[in-house]
Amino acid sequence: MAITLNNGFKMPVVGLGVWRMDGKDVRDLIINSIKLGYRHFDCAADYKNEAEVGEALSEAFKTGLVKREDIFITTKARSMETLNLLFFSSSIAALNSDHGHVLEACKDSLKKLQLDYLDLYLVHFPVAVKHTGVGQTGSPLDKDGVLDIDTTISLETTWHAMEDLVSKGLVRSIGISNYDIFLTRDCLAYSKVKPAVNQIETHPYFQRDCLVKFCQKHGICVTAHTPLGGAAANAEWFGTVSCLDDPVLKALAEKYKKTVAQIVLRWGIQRNTVVIPKTSKFERLKENFEVFDFELAKEDMDKIKAIDRKYRTNQPAKFWGIDLYA
């Protein structure tokens, strides 16, 4: 099952995010997920496992497990390398230091992933930080320990560098990530190549209906990078509450004889968003992909809509010393 992007390319509605996955585990994870039917993988330079993802993909292609043209690879560029780009998100991201070096950053990711082109390349975050070198994944901090933001690079400049990647044939689609309505509107105004995707946090506790509908109205596909909300990993990292414990979702899981995670992912799909859950466990990998054999009734979609808490679970401020959403 796939969504057709505004440039005609198709993007599978369920993908696998590789954030926080140890390099030693990536090979088995990628191979097993392909065997289960996954055809969409979301990466980033800052995840520090692009090379391992590339090795796994190369093995899958060489052994005939899958063809390159049947796989959708997203990656994100670091803000420093795209002319101090902003915070890229495409299937390879290097945390916001690539803004003035977008081409080099893209080629570096392609080399590590062992690919000739990317299906999707994203601006990870709408903030540019000081450039620390292509392929470097550290976040530059100033003398006060706060993220060192580069005020000389505009988002528009970064976006035009992204557009050049499309004309060079290195990237099929480009997009944005963690952009609100106003930044998305601006991007639509100055872009020659419209963003195909906006990857954001959205889940039952943080539905962001206005932003999702705005993007969809203007032909931008929304990808949910935290589709399960405050799952165990986010609860541990960010001290957040998990929507997977919500009584409404638990009741629906019992009604449909599915897990709560499957209910949440199915809800995301029926909103016409792409979901990219992350897991390193085979049983969860399988479970997260088994969401195509049922459909939530309208009244049940409405029940989930009613539990929105406007509750963000992914808090980068804890690590970067800046609130990007203030």
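Remember, predicted model here, so these are calculated numbers, not experimental data.
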Open item on the list: Evaluate V222 against V197 for side-chain contact (heavy atoms from CB on, under 4.5 Å), listing each step before the verdict.
Closed with: CA-CA 6 Å; V222 171; V197 170; over 6 Å; no
Open item on the list: Assess the residue pair V212 and Q207 against the criterion (side-chain contact (heavy atoms from CB on, under 4.5 Å)); give the C-alpha distance rounded to whole Å, side-chain angles, the decisive distance to 0.1 Å, and a yes or no.
Closed with: CA-CA 8 Å; V212 170; Q207 298 185 21; over 6 Å; no
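- Looking at every heavy atom in both residues, S173 comes nearest to N7 through OG-ND2, 2.8 Å.
- Note that CG of L16 is 10.0 Å distant from CG of L36, once rounded to the nearest 0.5 Å.
- Side-chain contact between L296 and I304: present, with at least one pair of heavy atoms (C-beta onward) separated by less than 4.5 Å.
- Between D108 and K112 a salt bridge is recorded (basic side-chain N to carboxylate O distance below 4.0 Å).
- With hydrophobic clusters built from ILVMFWY side chains whose heavy atoms lie under 4.5 angstrom apart, V13 shares a cluster with W267.
- Considering every non-hydrogen atom in both V18 and I30, the closest pair reads CG1-CD1, 4.3 Å.
- For the salt bridge (Lys or Arg N to Asp or Glu O under 4.0 Å) test, no residue two or more places apart in sequence or in another chain qualifies with E254.
- In summary, K281 and D25 do not engage in a salt bridge, as defined by a charged side-chain N under 4.0 Å from a carboxylate O.
- F9 and L113 sit in two unconnected hydrophobic clusters of ILVMFWY residues. Membership requires side-chain heavy atoms under 4.5 Å apart, directly or through other members.
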TODO: Begin from the C-alpha positions of D308 and R208 and carry the test salt bridge (charged side-chain N to carboxylate O under 4.0 Å, His left out) through to its verdict.
DONE: CA-CA 9 Å; D308 188 6; R208 310 178 82 176; over 6 Å; no
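- No donor-acceptor pair under 3.5 Å is formed between the side chain of H203 and the backbone N or O of L228.
- Tracing side-chain contacts under 4.5 Å through hydrophobic residues (I, L, V, M, F, W, Y), one never reaches Y190 starting from I220; they form parts of separate clusters.
- Partners of D300 by salt bridge (Lys or Arg N to Asp or Glu O under 4.0 Å), not counting sequence neighbours, listed by chain and number: K255, K303.
- Cluster membership for Y38 and I31, using ILVMFWY side-chain heavy atoms within less than 4.5 angstrom, is shared.
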Task: Evaluation steps, side-chain contact (heavy atoms from CB on, under 4.5 Å), between I73 and L57 - done: CA-CA 10 Å; I73 302 297; L57 291 175; 3.7 Å; yes
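- Under the 30°/60° scheme for interplanar angles, the aromatic rings of Y256 and F294 are found to be tilted.
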- [ ] Could you give me the CA-CA distance, side-chain angles and deciding distance for Q262 and R266, then say whether side chain to side chain donor-acceptor pair (under 3.5 Å) is met?
- [x] CA-CA 6 Å; Q262 288 172 325; R266 183 67 207 184; over 6 Å; no
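- Contact annotation: the side chain of R68 approaches that of Y117 to within less than 4.5 Å [non-hydrogen atoms, C-beta and beyond].
- Atom SG of C215 and atom CG of L188 lie 8.0 Å apart (nearest 0.5 Å).
- Using a 4.5 Å cut-off on side-chain heavy atoms (C-beta onward), L211 and T202 make no contact.
- Proximity of a side-chain donor or acceptor of T273 to a complementary backbone N or O of G268 within less than 3.5 Å is detected.
- When side chains are defined from C-beta on, C221 counts as touching V274, because their heavy atoms get closer than 4.5 Å.
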- [ ] In sequence, state the C-alpha distance, the side-chain angles, and the governing distance for K258 and D293, and then conclude on side-chain contact (heavy atoms from CB on, under 4.5 Å).
- [x] CA-CA 10 Å; K258 292 289 184 179; D293 59 350; 2.9 Å; yes
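- The two residues G15 and P277 have their closest heavy-atom pair at O-CD, 3.3 Å.
- Checked for salt-bridge contact, R27 and E55 miss the test: no charged N lies under 4.0 Å from a carboxylate O.
- Side-chain contact, S109 with E50: a donor N or O sits under 3.5 Å from an acceptor N or O.
- We find that K298 and D302 are joined by a salt bridge, their nearest charged nitrogen and carboxylate oxygen being less than 4.0 Å apart.
- For the residue pair G8 and T4, the shortest heavy atom distance occurs at O-CG2, 3.8 Å.
- Using a 4.5 Å cut-off on side-chain heavy atoms (C-beta onward), W159 and I174 make contact.
- Side-chain contact between V14 and N288 is absent, with no heavy atoms from C-beta onward closer than 4.5 Å.
- Although no hydrogens or angles enter the test, the distance criterion places a donor-acceptor pair under 3.5 Å between the side chain of N6 and the main chain of G219.
- Interatomic distance, S177 OG to I200 CD1, rounded to the nearest 0.5 Å: 9.0 Å.
- Using a distance-only test at 3.5 Å, with no hydrogens or angles considered, a donor-acceptor pair links the side chain of D180 to the main chain of L183.
- Not a single donor-acceptor pair under 3.5 Å links the side chain of S58 to the backbone N or O of G54.
- The neighbour count for D116 CG, taken as heavy atoms of other residues, nucleotides or ligands under 6.0 Å away, does not exceed 12.
- Between the CD atom in E287 and the CG atom in L265 there is a gap of 8.5 Å [rounded to 0.5 Å].
- Here the side chain of Q216 pairs a donor or acceptor atom with the backbone of N272 at under 3.5 angstrom.
- F206 is not connected to I263 by any chain of hydrophobic side-chain contacts under 4.5 Å among Ile, Leu, Val, Met, Phe, Trp and Tyr, and they are in different clusters.
- Note: Y179 and F182 fail the aromatic proximity criterion, with ring centroids not under 6.0 Å apart.
- In this structure, R172 is not positioned above the aromatic face of Y121 in the sense of NZ or CZ being under 6.0 Å from the six-membered ring centre and within 45° of the axis.
- Applying the 6.0 Å contact sphere to NZ of K194 captures more than 12 heavy atoms from other residues, nucleotides or ligands.
- For the pair Q199 (side chain) and G175 (backbone), a donor-acceptor distance under 3.5 Å is absent.
- Proximity of C106 to L118: side-chain heavy atoms (C-beta onward) are separated by under 4.5 Å at one or more points.
- With rounding to the nearest 0.5 Å, the separation of OG in S33 from NZ in K286 is 14.0 Å.
- Taking the six-membered ring for Trp and thresholds of 30 and 60 degrees, H40 and F72 have ring planes more than 60 degrees apart, a perpendicular arrangement.
- Between the side chain of D42 and the main chain of G17, no donor-acceptor pair closer than 3.5 Å is present.
- No donor-acceptor pair under 3.5 Å is formed between the side chain of E201 and the backbone N or O of H225.
- Classified by interplanar angle (parallel below 30°, tilted 30° to 60°, perpendicular above 60°), the ring pair F214/H218 is tilted.
- Here the CG atom belonging to L110 is positioned 6.5 Å from the CG atom belonging to L115, to the nearest 0.5 angstrom.
- Side-chain contact between I71 and F41 is present, with at least one heavy-atom pair separated by less than 4.5 Å.
- The 12-atom threshold is exceeded at CZ of R39, counting heavy atoms of other residues, nucleotides or ligands nearer than 6.0 Å.
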